[in-house]
Amino acid sequence: MPNWGGGAKCAACEKTVYHAEEIQCNSRSFHKTCFICMACRKGLDSTTVAAHESEIYCKSCYGKKYGPKGYGYGQGAGALSSDPVNNEELQPQEPKTPHPASANSNPSKFAQKFGSTDRCPRCSKAVYAAEKVMGAGKPWHKTCFRCLLCGKSLESTTVTDKDGELYCKVALTMPGSVLQERR
């Protein structure tokens with residue numbers, strides 16, 4: 001029977017994939033919306049996909065499931081892990097319905113869908129993964145990750161914190177600075 005305008009079958013949902021929406025990986029076709037990590041359900045592209053047999057993962061989940069284990073391979077505080085790896089969280093799973101966090105009793109639909117209820121301590125707005133920078137144990141927007149005194153943009157090598165606020169290391173040495181007085 002001829003294939004009248006149809007396309008290949010999607011490896012994830014097994015429905016027809018038309019050429020305009022097709023992504024190919026390991027000689028298999030996917031819809032753009034079906035090309036997601038089997039563990040964490042994040043969208044993938046050619047730079048973030050890692051395939052294992054018939055399964056596709058983001059590089060992070062692939063590394064956790066199939067990568068090397070032990071000292072020097074990101075297992076924590078530099079200790080060998082003799083405990084068995086909990087692969088339950090890395091197994092292919094059904095899509096989960098988002099659960100709002102208790103910090104915000106009525107998060108936006110966007111926050112529910114993309115799972116962010118972290119708040120930036122500087123501006124009090126939601127911080128999403130793409131813009132999150134951690135400092136002083138808290139999530140910050142990249143644009144808010146600045147010295148409180150001089151406004152200089154900070155990096156991991158130039159940041160220091162005092163009482164939950166961010167400062168540049170230069171501010172520590174400034175005579176008469178708030179930080180000098182607190183020492």
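Here, residue 1 is the first one in the sequence, and each next residue gets the next number. Side chains included, hydrogens not; waters and symmetry mates left out as well; all remaining heavy atoms used.
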Colleague: For residues Phe35 and Cys25, determine if any side-chain heavy atom of one lies less than 4.5 Å from a side-chain heavy atom of the other.
Modeller: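 A side-chain contact under 4.5 Å exists here.
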Colleague: Quick check: do Thr160 and Cys168 have side-chain heavy atoms less than 4.5 Å from each other?
Modeller: no
Colleague: Using a distance-only test with no angle check, is there a side-chain donor-acceptor pair under 3.5 angstrom linking Tyr167 and Lys162?
Modeller: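 There is no such pair (donor and acceptor under 3.5 Å, judged by atom type) between the side chains of Tyr167 and Lys162.
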Colleague: Salt bridge (charged side-chain N to carboxylate O under 4.0 Å, His left out): which pairs involve residues 16-37, sequence neighbours left out?
Modeller: none
Colleague: Of all heavy-atom pairs between Ala126 and His141, which one has the smallest distance, and what is that distance?
Modeller: O-NE2, 2.8 Å
Colleague: Is any side-chain heavy atom of Leu166 closer than 4.5 Å to one of Leu154?
Modeller: yes
Colleague: Provide the closest heavy-atom pair for Ala51 versus Asn26 in the form atom of the first, atom of the second, distance.
Modeller: CB-ND2, 3.1 Å
Colleague: What is the distance from atom SG of Cys61 to atom NZ of Lys42, rounded to the nearest 0.5 Å?
Modeller: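 Rounded to the nearest 0.5 Å, the SG-NZ separation comes out at 7.0 Å.
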Colleague: For residues 131-140, tabulate all N or O donor-acceptor pairs below 3.5 Å that involve a side-chain atom, not counting sequence neighbours.
Modeller:
{"from": "Glu131", "atom 1": "OE2", "to": "Tyr128", "atom 2": "N", "distance (Å)": "3.2"}
{"from": "Lys132", "atom 1": "NZ", "to": "Asp118", "atom 2": "OD2", "distance (Å)": "2.9"}
{"from": "Trp140", "atom 1": "NE1", "to": "Gly135", "atom 2": "O", "distance (Å)": "2.8"}
{"from": "Trp140", "atom 1": "NE1", "to": "Lys138", "atom 2": "O", "distance (Å)": "3.3"}

Colleague: With side chains defined as the heavy atoms from C-beta onward, is the minimum distance between Thr16 and Tyr18 less than 4.5 Å?
Modeller: yes
Colleague: Could you check if a side-chain atom of Arg146 sits within less than 4.5 angstrom of a side-chain atom of Lys152, using non-hydrogen atoms only?
Modeller: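 When only atoms from C-beta onward are counted, Lys152 and Arg146 do not touch, as no gap falls below 4.5 Å.
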Colleague: Going by atom types only, do Lys9 and Ser29 share a side-chain donor-acceptor pair under 3.5 Å?
Modeller: no
Colleague: Would you indicate whether Glu155, at its atom CD, is surrounded by more than 12 heavy atoms from other residues, nucleotides or ligands within a distance under 6.0 Å?
Modeller: no
Colleague: Quick one: pull up CD in Glu55 and SG in Cys37 and give me the separation to the nearest 0.5 Å.
Modeller: 10.0 Å
Colleague: Thr48: what forms a side-chain contact (heavy atoms from CB on, under 4.5 Å) with it, not counting sequence neighbours?
Modeller: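 With neighbours one apart ignored, the set is Leu44, Asp45.
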Colleague: To the nearest 0.5 Å, what is the distance between NZ (Lys169) and OG1 (Thr157)?
Modeller: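 Spacing of NZ (Lys169) from OG1 (Thr157) equals 7.0 Å.
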Colleague: Is Val17 close to Phe30 at the side-chain level, that is, under 4.5 Å between some pair of heavy atoms?
Modeller: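 Phe30 does not reach Val17 side chain to side chain.
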